[in-house]
Amino acid sequence: MTKKTAIIVDSSAALPAEIRRSYGIEEVSIPILFGQETYMGGQDLTSLADLVELMTKKDVLPTTSQPSPAEWEQALNQAVQAGYTEAIIITLSSGISGAFQTAKLVADGFDGLEEILVVDSKLTNMGQASQALLAAKLAEKGRTLAEIDQMLAAFREDLGVRLVVNDISHLKRTGRLSRGQALISGLLNIKPILSFDIVGDGKIGAVGKARKMSGAKEQIQEAFEDYLRAADFPVRAYIIDGNNAKLGDKWLKDFQAKYPTVAFERASMDPVIGVHTGDGAMAVIWSHDWQVMAKED
């Protein structure tokens, strides 16, 4: 029998439905909780704007949970019914969610597929989504799960991110800020600059601060330029806005003009990560160009 590999992500990957369909990627929703009320990311709430609107109406601030074991099992059963013989699950960072551990437990006890690979993306949004897209392309070329796992690990070694938030209180409230509190504690009217520890535990830590968004952008560009100087491969980067499309478009235009050899794309923050960042955040994610990697493999 020809092996067919299902690719499964959680909704924090923020992959638009049309892209997921074109690559045959399935999605498991992450719950967003307003007190006793549950909304499913990617279904009930499809944008950060939806979340912000709810936050203005509700008396409680939201938190996130993780997909239940039954939801991961349902996704795997759907893969079996669709004729797949193996699966790759790519979750958001284990440093900010238990989704990876739960998916791994379910996969270890599931016997309807020949093999299941569960991958900790160590990031979210397009950092997670690009790994799913790369995995889908490699699976299409007939690569084994071990080969795909190795390629994804190599991809993560060249993956970087900078995130700036307007207000650190949401990350403190949800307990997702793990390092660098001393860097930004006690300071008013600042914009913390954050990163994920991709080569480590995948947690979020503060790496800088700025008074204005323009200053944060300059620091992000400095980090990006350091990366480009060391990169001996084609680079793809994503400009990601948190409910501020106008600013996202401006950053895209500015980055494209400053770094013409880089392949840039625009994306938006999903409501799941928006619970932790609040409104108006901005992010840049960069990596080895996954499209080039897939072609060269």
Side-chain angles (χ1 to χ4, degrees), residues 1-30 40-43 66-95 97-159 198 202 287-297:
M1 182 192 298
T2 302
K3 286 192 175 182
K4 292 179 62 182
T5 307
I7 310 294
I8 303 168
V9 296
D10 57 63
S11 58
S12 72
L15 269 172
E18 62 272 16
I19 295 178
R20 282 193 290 106
R21 282 193 295 266
S22 66
Y23 283 87
I25 298 173
E26 294 300 319
E27 180 181 89
V28 173
S29 294
I30 291 182
M40 303 308 290
Q43 295 180 14
Q66 58 167 300
S68 68
E71 288 167 305
W72 289 117
E73 189 168 353
Q74 181 183 12
L76 292 172
N77 279 323
Q78 288 173 343
V80 173
Q81 292 165 12
Y84 291 101
T85 58
E86 55 187 26
I88 301 173
I89 298 173
I90 301 177
T91 73
L92 80 165
S93 175
S94 63
S97 170
F100 169 75
Q101 289 86 349
T102 300
K104 188 77 168 63
L105 283 172
V106 171
D108 288 346
F110 190 86
D111 30 355
L113 294 165
E114 293 177 13
E115 191 177 359
I116 304 170
L117 171 66
V118 184
V119 176
D120 180 357
S121 75
K122 298 296 182 77
L123 235 172
T124 185
N125 200 274
M126 290 310 300
Q128 176 187 359
S130 55
Q131 293 178 61
L133 295 168
L134 175 57
K137 278 293 188 184
L138 293 172
E140 190 179 273
K141 295 174 74 172
R143 297 295 175 260
T144 66
L145 263 58
E147 290 170 335
I148 294 172
D149 193 22
Q150 186 176 24
M151 184 72 83
L152 292 178
F155 178 82
R156 284 190 298 277
E157 289 178 0
D158 297 315
L159 186 58
I198 296 167
S287 67
H288 192 151
D289 190 328
W290 67 267
Q291 294 187 13
V292 175
M293 287 182 74
K295 288 177 181 175
E296 290 177 345
D297 173 71

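Atoms considered below: every heavy atom in the structure, side chains included; atoms not considered: hydrogens, waters and symmetry mates.
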When rounded to the nearest 0.5 angstrom, what is the spacing between CE in M151 and CE in M293?
5.0 Å

So, Q128 side chain and I90 main chain: donor-acceptor pair closer than 3.5 Å or not?
yes

Under 3.5 Å: donor-acceptor pair, side chain of S29, backbone of G41:
yes

Is K137 close to Y23 at the side-chain level, that is, under 4.5 Å between some pair of heavy atoms?
yes

Rounded to the nearest 0.5 Å, the CE atom of M126 sits from the CD atom of Q131 at a distance of 10.5 Å

Taking every non-hydrogen atom, the tightest pair across L159 and S121:
CD2-O, 4.4 Å

Side chains of L134 and H288: does their closest heavy-atom pair fall under 4.5 Å?
no

Cut-off 3.5 Å, no hydrogens considered: what does the side-chain donor-acceptor table look like for residues 102-112, sequence neighbours left out?
unit_1: T102; atom_1: OG1; unit_2: Q66; atom_2: OE1; d: 2.5
unit_1: T102; atom_1: OG1; unit_2: G98; atom_2: O; d: 3.2
unit_1: K104; atom_1: NZ; unit_2: D108; atom_2: OD1; d: 3.2
unit_1: K104; atom_1: NZ; unit_2: D108; atom_2: OD2; d: 3.4

So do E27 and R20 actually touch side chain to side chain, heavy atoms under 4.5 Å?
yes

Within a strict 4.5 Å, meaning less than it, do heavy atoms of the L152 and L138 side chains meet?
no

Nearest heavy-atom pair of A79 and A6: which atoms, and what distance?
CB-CB, 3.8 Å

Please check if the side chain of D149 supplies one atom and the backbone of L145 the other of a donor-acceptor pair under 3.5 Å.
no

Exam field: side chain S93 to backbone G202, donor-acceptor pair closer than 3.5 Å
yes

For G83 and K4, work out which heavy atoms get closest and say how close.
O-CD, 3.7 Å

Any side-chain heavy-atom pair from D10 and I89 closer than 4.5 angstrom?
no

What are the two closest non-hydrogen atoms of S97 and A99, and how far apart are they?
OG-N, 3.0 Å

Answer yes or no: is there a donor N or O on one side and an acceptor on the other, between the side chain of T124 and the main chain of L92, under 3.5 Å?
no

Least distance between heavy atoms, A132 atom then V9 atom
CB-CG1, 3.5 Å

Let me confirm one number: the CD1-CD1 distance from I88 to I148, rounded to the nearest 0.5 Å.
4.0 Å

Check the pair E71 / M40 against side-chain contact (heavy atoms from CB on, under 4.5 Å), numbers first and verdict last.
CA-CA 12 Å; E71 288 167 305; M40 303 308 290; 3.5 Å; yes

How many angstroms lie between atom CD1 of I7 and atom CD of E140, to the nearest 0.5 angstrom?
10.5 Å

Hey, is CD on Q78 packed in by over 12 heavy atoms from elsewhere, all under 6.0 Å?
yes

Step by step, would you call L133 with I25 a side-chain contact (heavy atoms from CB on, under 4.5 Å)?
CA-CA 8 Å; L133 295 168; I25 298 173; 4.0 Å; yes

Measuring only between side-chain heavy atoms, which start at C-beta, is T91 closer than 4.5 Å to W72?
yes

Point-to-point distance, once rounded to the nearest 0.5 Å, from CD of Q81 to CG of L76:
11.0 Å

Do you know which two heavy atoms are closest between A129 and A13, and how far apart they sit?
CB-O, 3.5 Å

D120 side chain vs K122 backbone, donor-acceptor pair below 3.5 Å
yes

Hey, could you give me the CZ/CD1 distance between F155 and I198, rounded to the nearest 0.5 Å?
9.5 Å

